[in-house]
Student: 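Structure in structure tokens, see below.
First the proteins, then the strands, lettered A, B, ... as listed; each starts at 1.
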2 protein chains.
Amino acid sequence: MVSHAHSDIHGEVAERLRVAGQRYTTKRRTIIDLLAGVGQPMSIADLLERRSDLPQSSLYRNLVVLEESGVVSKVVTTGDQARYELAEHLTGHHHHLLCSSCGAVRDVVVPDALEHELDNALGKLAKREGFTLDRHRLDLIGRCSSCQ
Amino acid sequence: MVSHAHSDIHGEVAERLRVAGQRYTTKRRTIIDLLAGVGQPMSIADLLERRSDLPQSSLYRNLVVLEESGVVSKVVTTGDQARYELAEHLTGHHHHLLCSSCGAVRDVVVPDALEHELDNALGKLAKREGFTLDRHRLDLIGRCSSCQ
DNA sequence: ATGAGTGCAAAGGCTTTGCATTAGG
DNA sequence: CCTAATGCAAAGCCTTTGCACTCAT
């Protein structure tokens, strides 16, 4: 499974929020729509720019709630500001291309075979270290096609 | 090669700074010693705490210089504050265990075989995407042994 | 000597919070 | 209804910067 039909998204988000004891308000819907529409990790500045009806404080507070409810995840980049995207259960497991020149972030999917080997090797490694492995994060860092 | 003898470090740092047109001052030596001594990524607060003779502004400014000279690198974690460690040409290539509970970061080395497959697969992938791959970043995210 | 490096304190920028108002279930 | 969510403005926190002084070469 790589991604859900767009129509599924709101249902799944609503369910996750419900489980977390949170309401699915209009603003939260707006944020989810924005993230789903762009399909790439967005900075808070990006989000504010696209929807002037989202006050900063609401955006920040809602992103915290959405993240804690497992609906969006924070993407850590090479640069300064945080970025957010829909959680992987909504988009499918993927990784990121990080441009160290312009800061752009793009999603990328690696071959299943590699993914399996990673899971395998990292699982053993974590066990040996007494570490409870939740997930892995793999980023490709370099220069995007526009920044050659 | 996994790491250099401690005695090599200052020589190599001095050389890198020289090439970058930077001086190897007492404060910079202090920072390098701290990072080399701990052997784990340190937050700025950590560093300040250990050496009260390092004013914040000098620490911040020097970390910028050391990073630009390729001597230290910034480690991006799940959490709030940035962490710094010696660059990989001084420590050897490695990855990180990130505890999402307490924020601890620990270095870890993955099997060579996996590392090679990663390089291989990611190289192809980057090429296909028109992305100039500089390096990869692989983190294990979960709970450390103290946070079960 | 002389420009890079340093240190204090002040300014910046992003993020969080207090409190009164509004709206979701 | 009644509590969670919202919005404005103020406060916080980490990081950067201005400027005078000091040290490395």
Student: Could you say whether B/Ala45 or B/Tyr24 is positioned toward the 5' end of DNA chain D, judged by the nucleotide with the nearest heavy atom to each?
Tutor: B/Ala45

Student: One thing to verify: whether A/Glu85 and A/Lys74 come together as a salt bridge, which I'm taking to mean a side-chain N less than 4.0 angstrom from a carboxylate O.
Tutor: no

Student: Whole-Å distance between C/dG5 P and B/Glu68 CD?
Tutor: 11 Å

Student: Rounded to the nearest Å, what distance is computed from the CG atom of residue A/Leu17 to the P atom of nucleotide C/dG24?
Tutor: 14 Å

Student: How many angstroms lie between atom NE2 of A/His95 and atom CD of A/Glu115, to the nearest 0.5 angstrom?
Tutor: 3.5 Å

Student: Take the protein atom CG of B/Leu66 and the nucleotide atom C1' of C/dG5, then report the distance between them rounded to whole Å.
Tutor: 12 Å

Student: Distance check, rounded to the nearest 0.5 Å: A/Ser69 atom OG versus A/Glu15 atom CD?
Tutor: 11.5 Å

Student: Does B/Tyr60 place a side-chain N or O at less than 4.0 Å from the phosphate oxygens OP1/OP2 of D/dT15?
Tutor: yes

Student: Please report the distance, rounded to the nearest Å, between CG in A/Leu47 and P in C/dT15.
Tutor: 11 Å

Student: Using a 4.0 Å heavy-atom cut-off, write out nucleotides 2-12 of chain D from 5' to 3' as B (base contacted by protein), S (sugar-phosphate only) or - (no contact).
Tutor: -BBSSBBB---

Student: Going by an N to O cut-off under 4.0 Å, is there a salt bridge joining A/Asp46 and A/Arg83?
Tutor: yes

Student: For B/Leu59 and D/dT16, give me the distance from atom CG to atom P, rounded to whole Å.
Tutor: 11 Å

Student: Please report the closest heavy-atom contact between A/His96 and A/Val108, naming both atoms and the distance.
Tutor: N-CG1, 4.1 Å

Student: To the nearest Å, how far apart are B/Leu48 CG and C/dC8 C1'?
Tutor: 14 Å

Student: May I have the distance from B/Arg83 (atom CZ) to D/dT15 (atom C1'), rounded to whole angstrom?
Tutor: 17 Å

Student: Calculate the interatomic distance between A/Gln56 atom CD and C/dT17 atom P; express it in whole Å.
Tutor: 15 Å

Student: Is it the case that the side chain of B/His89 and the backbone of B/Glu12 share a donor-acceptor pair, with hydrogens and angles ignored and the cut-off at 3.5 Å?
Tutor: no

